[in-house]
Structures are given as structure tokens and as C-alpha cells.
**Student:** 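One structure coming up, written as C-alpha cells, with questions to follow.
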Number of protein chains: 2
Amino acid sequence: MDTKIHLASDAPCHHDFKTNCSNCRLNTLCLPLSLESKDIDALDAIVQRSKPIHKNEYLFHEGDVFNSIYAVRSGSIKAFATTDDGREQVTGFYFPGELLGMDGISRNIHASTAKALETSAVCEIPFDSLGELSAKIPNLQRHFFQLMSREITEDQQLITLLSKNSADERIAALLLSISSRNARRQLSANRFRLPMSRVDIGNYLGLTIETVSRVIGRLQKKSILQVDNKEVAILDFDALTEIAHTKVSHQEAS
Amino acid sequence: MDTKIHLASDAPCHHDFKTNCSNCRLNTLCLPLSLESKDIDALDAIVQRSKPIHKNEYLFHEGDVFNSIYAVRSGSIKAFATTDDGREQVTGFYFPGELLGMDGISRNIHASTAKALETSAVCEIPFDSLGELSAKIPNLQRHFFQLMSREITEDQQLITLLSKNSADERIAALLLSISSRNARRQLSANRFRLPMSRVDIGNYLGLTIETVSRVIGRLQKKSILQVDNKEVAILDFDALTEIAHTKVSHQEAS
DNA sequence: CGGCTCTTTGAATCACATCAAGGCCCGTGG
DNA sequence: CCACGGGCCTTGATGTGATTCAAAGAGCCG
């Protein structure tokens, strides 16, 4: 989409303008990292960059045959499972540089549905090819194990949050998590736009939308936040951290 | 233990009676499975079988340097994280044939503590060696990816349980989970002993011990369960399944 | 403008937590 | 053998944070 200008050139060099793993500015967040350039090229060769998906479009559905995992390049994705009575349990929000779909590996069937919260670009990484490549590139294998393990520790942090923390603490922890993930991408840690609705927040944190709304209202009244619909400004970072006394340490891949 | 009779033989073949991966009766539950015998031997060579650990002893602590994952051979283990205010969040109970410790891979530091609920035997599997071996044996790599993925889906089921289900539903789901894991090991699905205390159950399900106790009492009054301290008999399996309407499908590795 | 969906706010209710007491089991020691 | 103490579990009375129900405001689009 943002490469259309170059089509004027008649040389067969439109390839130069394509995104690839080595020029991707997220490549230290996503899979590569500490790979030699020939290894990055090998990885690049298996990664498929499809056209952007629009808000409310699906990347995969629960029950679909599992073939690939996905890396978010831009935008944001929510993953959720549907309970038998039709309610959504959001299992994660995924931002650029983050990987999703690893819950499909165990049964070769996706265990959750992934839906775009806004127009987003993703890299599709066929899992079989990734496995083969991992066997040849020890660093890649290790890194992928680490990414799966990170998903596990993050799920366990969410378990603790749901099990032990009040509504205020849960909301504070989520805001801080989004903030720190923004910072990791060199974006503002204090001002950002929430891509998800209040319903999604509720379905992630195990709260109703009314409670979400009330907590946010409360935090505004205390001048900790300033919220205008989806736009959030964190006015008092320390106070927010204090409320979310739960440590939301954001581990980096080694 | 059940091989002692054979010691009468005077041939220098006491090795034959040592536990190893190929004669382990759990080997379809744990790592191997569909490996050729030379591959099982290679795996066997890196697995360390230490002496049994006793009730309340630790396998590893949160914060310890991560070196190995562990497979339970007998007994049972609980894994938990400690919140900053000192409370325990139990993240899982592990029975024979199940693997734990994978949350330590991402940062090379254990993210949880593992403690024996009763006298237990475990296999220690050094992770570096497992990685190297995985690179050589595609089936092993795939199987290990699947095991990690299973941990993710199970954590996500717990997230849903905590977020969406009542105390009664949570307890019913846990009992059914233990029941089906017993069945997988050819044990009774209807009568078993809970190795964990009410406190542990509460810390796993996000409930207080009083609530756990009340729910169990209620289920007894309805003649769905018969409970004598830690001994549980499921009298009405269908009713229990009905209460835990959450599907606790127990996926098997393909 | 009207008709959506999403969000906010208030009042009533409920499920679970908290507080408090008592029971049971088991080991230890007189 | 019984008495005592300490875990662990159960049961009841009371409190409370979050849900539920209800209604109205705010943003968005045809």
C-alpha cells in the first residue's frame, strides 16, 4: 500500500522496496535477533507477508486447522476463546513485534480466534518450515522456545491477576502492560490510544464493562489518568504502579 | 520396586532393572512417543533420575537459574508463584507423565516454585541437551513444541475458568480434570485421593478455603460427591460434568 | 436528523470474602 | 492410656466488591 509510488519505475527492481526480515524495524522484538544475515535470509524466505487485514477481520478461528503462527507488524490483534455459552474470554492482546497462534501447536488446531482490533499487518510463519529451520539454526530454536515460554509466563501472570487482584489492580496492571509494550517500540509510555473496546478489556480482565468504566472513572477522579474515550494519558505513573502493586515486570528476550 | 524379585539372577545384568525411558510405563504420556528405539536411547542418556523427593521438599524455586525441565514419574507436584504480598498463586498441579518447569525457559530463571505434595519421583531433563537432541530428532522437537503449547492452552483454560466461572463450576472442573488425568494413567476416574490441601485448591482456583469447603459440602449434600477428607468418590459423573459446563476436554498429543 | 453502538452513572442484589468458633485427626509426651 | 497442642477442615454470621438491572448520555454514520 505504501509502496505504490514506486510502481512508476520500469526496472524490475520493485523487490527492493518489499518488507523483509532484515529491514524490519521490529526484528529484535520478533523472531530473528542475534541471527547471522544468511540465517535471517533463510527465515525471511519462509515468512509470508500477506495484505493488511482490516478491523474486525479474522486471522484464524478456534477449531481451524493450525498451519502457521503470526507476528504482528502493525496494528493490534485480540485472541479469544469462546465459552460454550457463547461468551468471549480474551486471552491476549498482541501488538507489533509480538507473536500469536502458538496455542494451536499442541493439537494442530487453533485453540483460539484471532481478530484485528484495527487495520493490521501480520507476517505468517508456516510452522512446519519454522520447525525445519529451527533444527538447522540452534539460535532460532532456542529463541522460539523462549517465545513460547514467555507466552506461558504471561498467561500465568494473568492467572494471578485474575485470581488475586481487585478490579482497580487489574485495570492498572493492564494499562501499565500496554504502556511498557509501547515504550519497547519507542512510543510514548504515557499517552496512547487503546485499540480495544471496554467490552474487550472486561473480557480480558474478567470484569463487566460497567466495572471497567467505573474503575477508569475513579482513576480519573484521582488525577492518575486522563481518559477521553480510547485516548489515555497516564498523569501519575507512580500512583498507577502503586495500585497495580502486582509486578508487571516486562522481561526481554536474552 | 516391583522388580526386586529378579535380583535372584546372578548375571551382571542389574542394569536391566533400572528405570529408563524405554521401559517407563509413562513413556507415551511424557516426552518420547513415536520415537524409534535408538532415539529413545539417546533421550534416555540425557535424562537424570534422581532419588525421590519427599513431601514439602522443593524441586526448584522461583528465581533459581533454569537448567532443566522435569517429568513427574510418581507422586505429585504443585507449582506456584508468590505474589509480592506473600500469597501463593498455584499455577498447576502435576501428576505422573506430566512435565513442568517450562516457564523458566524464557528468561533462564524459574518463574515459579515447585514443591512435592507427597513423596514423588521425577526425571530431570537438562534443557540444553534436550535442545541439541531436538535439533537432530524432528519428532522429538515437534513433540516438545506440542507439550509447551499444551501448557499454554491449559493455562488459557484456567484463565477462562477464573474469569468466567462460579466457585461451584471451578471446583467441578478441577475434580473432572484430576479424574480424567487419573483415567489416562489407567487409574480410577471415580475414586481417588486428592494430594493437595484445601488451601492449595483455593490458591489454584482463586477461592478461599471456606468457599472450597462449602462447595464440596454442597456437592456432597446433592449426592454428587462423597468426600472423606482427601478421599473423593464421584457418585454422579454426569451431574458433575453438567455443573462444570466448561468443557475440560483432555486433548491427547497426536 | 434519526438510529446505531459504545460508554457512563446510579441503585439494588448477590456471590464470595471475612471474621469467628468449633470439630476432627494425629502425633507427642506425661 | 489419656491429655494436650497444632494442623487442617467445616460451619455459621456478617460484610463488601463486583454484578446486574436500568436508564440516559456521547460519539458515529447513513
Side-chain angles (χ1 to χ4, degrees), chain A residues 54-56 78 83 85 87-90 115 117-119 161-175 193-222 225-232 243-245, chain B residues 54-56 78 83 85 87-90 115 117-118 161-175 193-222 225-232 243-246:
Chain A
H54 297 104
K55 181 168 175 166
N56 292 330
K78 77 164 169 179
T83 61
D85 53 341
R87 291 175 301 169
E88 273 184 19
Q89 174 62 46
V90 174
K115 189 173 183 178
L117 291 169
E118 59 195 312
T119 302
L161 197 67
L162 291 173
S163 165
K164 296 266 190 291
N165 293 91
S166 69
D168 294 53
E169 292 163 342
R170 294 183 208 181
I171 300 271
L174 174 60
L175 291 173
R193 183 170 193 285
L194 295 175
M196 71 293 284
S197 70
R198 302 288 192 264
V199 180
D200 292 332
I201 294 177
N203 282 336
Y204 180 65
L205 296 177
L207 300 170
T208 59
I209 47 171
E210 293 95 327
T211 302
V212 172
S213 184
R214 273 185 254 271
V215 169
I216 291 178
R218 225 175 289 157
L219 293 175
Q220 277 193 96
K221 211 159 291 166
K222 291 202 258 177
L225 294 183
Q226 187 184 318
V227 181
D228 176 27
N229 206 359
K230 309 217 160 176
E231 294 295 333
V232 175
I243 291 173
H245 54 39
Chain B
H54 298 103
K55 181 168 176 169
N56 293 330
K78 77 165 170 177
T83 60
D85 53 342
R87 291 175 301 170
E88 272 184 20
Q89 175 62 46
V90 174
K115 189 173 182 178
L117 291 169
E118 57 195 314
L161 197 67
L162 291 174
S163 166
K164 296 265 190 291
N165 293 90
S166 69
D168 294 54
E169 292 163 342
R170 295 182 208 180
I171 300 273
L174 174 60
L175 291 173
R193 181 168 195 286
L194 295 174
M196 72 293 283
S197 69
R198 302 289 192 265
V199 180
D200 291 332
I201 295 177
N203 282 337
Y204 180 65
L205 295 177
L207 301 170
T208 59
I209 48 172
E210 293 96 327
T211 301
V212 172
S213 183
R214 272 184 256 271
V215 170
I216 292 178
R218 225 175 286 155
L219 293 175
Q220 276 193 97
K221 211 158 288 165
K222 292 201 257 178
L225 295 183
Q226 187 184 318
V227 181
D228 176 26
N229 206 0
K230 309 218 160 172
E231 293 295 333
V232 175
I243 290 172
H245 53 42
T246 237

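Letters A, B, ... mirror the listed sequences (proteins, then strands); counts begin at 1. Note that the structure is a prediction, hence the values are computed from the model and not measured. FYI, side chains are in, hydrogens and waters are out, and symmetry mates aren't considered; it's all heavy atoms of this structure.
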**Student:** For Leu207(B), report the nucleic acid contact type (base, sugar-phosphate, nothing); a contact means any heavy atom under 4.0 Å.
**Tutor:** sugar-phosphate
**Student:** From C-beta outward on Ala167(A), which listed nucleotide comes closest to its side chain: dC16(C), dA18(D), dT20(D)?
**Tutor:** dA18(D)
**Student:** Starting from P on dT7(C), measure out to CD1 on Ile171(A) and report it in whole angstrom.
**Tutor:** 12 Å
**Student:** Would the base of dT18(C) count as contacting Arg214(B) through its side chain, where contact means a donor and an acceptor less than 3.5 Å apart?
**Tutor:** yes
**Student:** For atom NZ of Lys230(B), decide whether the heavy atoms of other residues, nucleotides or ligands shown that lie under 6.0 angstrom number more than 12.
**Tutor:** yes
**Student:** What is the distance, to the nearest angstrom, from the CG atom on Asn165(B) to the P atom on dA15(C)?
**Tutor:** 14 Å
**Student:** Expressed in angstrom and rounded to an integer, what is the separation of Leu219(B) atom CG from dC9(D) atom C1'?
**Tutor:** 16 Å
**Student:** Spell out, as yes or no, whether a donor-acceptor pair under 3.5 Å connects the side chain of Glu169(B) to the backbone of Ser166(B).
**Tutor:** yes
**Student:** Between Met196(B) and Val90(B), is a side chain to side chain contact (heavy atoms under 4.5 Å, CB included) present by the stated rule, with each step listed?
**Tutor:** CA-CA 11 Å; Met196(B) 72 293 283; Val90(B) 174; over 6 Å; no
**Student:** What is the distance, to the nearest angstrom, from the CG atom on Leu205(B) to the P atom on dC16(C)?
**Tutor:** 12 Å
**Student:** Which part of the nucleic acid, if any, lies within reach of Ser213(A) when heavy atoms closer than 4.0 Å are counted: base, sugar-phosphate only, or nothing?
**Tutor:** base
**Student:** Take Ile216(B) and Arg170(A), find for each the nucleotide of DNA chain D with the closest heavy atom, and name the residue whose nucleotide sits nearer the 5' end.
**Tutor:** Ile216(B)
**Student:** Output the single nucleotide from dT9(C), dT7(C), dC16(C) whose closest atom is nearest the side chain of Asn229(A).
**Tutor:** dT7(C)
**Student:** Which nucleotide in the list dT9(C), dT19(D), dC9(D) gets nearest to the side chain of Thr208(A)?
**Tutor:** dT19(D)
**Student:** Atom NZ of Lys55(B) and atom P of dC8(D): how far apart are they, to the nearest Å?
**Tutor:** 8 Å
**Student:** Would you mind reading off the distance between Ile209(A) atom CD1 and dA18(D) atom P, rounded to a whole angstrom?
**Tutor:** 16 Å
**Student:** Do we see a donor-acceptor contact under 3.5 Å between the side chains of Thr83(B) and Asp85(B)?
**Tutor:** yes
**Student:** Out of dT8(C), dC19(C), dA18(D), which has the shortest distance to the side chain of Arg198(A)?
**Tutor:** dT8(C)
**Student:** With a 4.0 Å cut-off on heavy atoms, is Gly206(B) in touch with a base, just the backbone sugar-phosphate, or nothing at all?
**Tutor:** sugar-phosphate
**Student:** May I have the distance from Glu210(B) (atom CD) to dG23(C) (atom P), rounded to whole angstrom?
**Tutor:** 17 Å
**Student:** Quick one: Met196(B) CE to dC8(D) C1', roughly how many Å, whole number?
**Tutor:** 16 Å
**Student:** Scan Ser197(A) against the nucleic acid and name what it touches under 4.0 Å (heavy atoms): base, sugar-phosphate only, or nothing.
**Tutor:** sugar-phosphate
**Student:** Taking everything shown except Gln226(B) itself, do over 12 heavy atoms lie less than 6.0 Å from its CD?
**Tutor:** no
